[in-house]
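Read the structure below first, then the notes.
Read the numbers this way: they start at 1 and go in the same order the structure lists the ligands and their atoms. Predicted model only: the values in this text are computed from it and were never measured.
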Amino acid sequence: MLSVSVNGVEREAPRVERNLLSYLRFDLGLTGTKYGCGEGFCGACTVLVDGKPLRSCMTTVGAVAGGAVTTIEGVSGGDTLEAQHPVQRAFVQEQAMQCGYCIPGFVMSTIALLNREPHPSSGTISEALAEHMCRCGTYQRIERAVERAARGDV
Ligand code: FES
């Protein structure tokens, strides 16, 4: 049986070829990770694997076996604003979400970005989030949220 770590819990995964996004959402009930395009373009399904952003819709469970998968549920300490990850708080404070569907993916990529580069330039932020789509078009507010999180003003 294949084993995979999800949000710090060692799990037995059913099949090597099982799609990672489906596994997270339907087998584990971690529905914070979203299905958008299913083709690797929109970023809604982004999770971290060993700290790096990965499109879970394009990944099998077998490909991440032995790695540490982190979903949006794994970065939040609870439902209150105070308990949220600082990046989540910055997104709320800048009102970066409209419908909110794409936001978990943006948050995961932002966490990865700030972990590798705590004070990114505007260009670096744009580059890091370039392959995430927001159909509500709140890109400017999202960028302000990333800058706010980088400042620690949360
Ligand atoms: Fe995976 Fe769009 S759902 S990139």
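Summarising the geometry of G36 relative to C42, their closest heavy-atom pair is CA-SG, 3.7 Å, with the distance given to 0.1 Å. Summarising the geometry of E143 relative to S122, their closest heavy-atom pair is OE2-OG, 2.6 Å, with the distance given to 0.1 Å.
Using a distance-only test at 3.5 Å, with no hydrogens or angles considered, no donor-acceptor pair links the side chain of R11 to the main chain of V4. Side chain of T71 to main chain of T33: no donor-acceptor pair is present (N/O by atom type, distance under 3.5 Å, no hydrogens or angles).
Look at R144 and E94 and you find a salt bridge, because one of the NZ, NE, NH1 or NH2 atoms lies within 4.0 Å of a carboxylate O, short of that distance. Under a 4.0 Å N-O distance rule, the pair R18/D27 qualifies as a salt bridge.
Ordered by chain and number, C45 SG, C57 SG make up the set of protein N, O or S atoms under 2.8 Å of atom 1 (Fe) of ligand 1.
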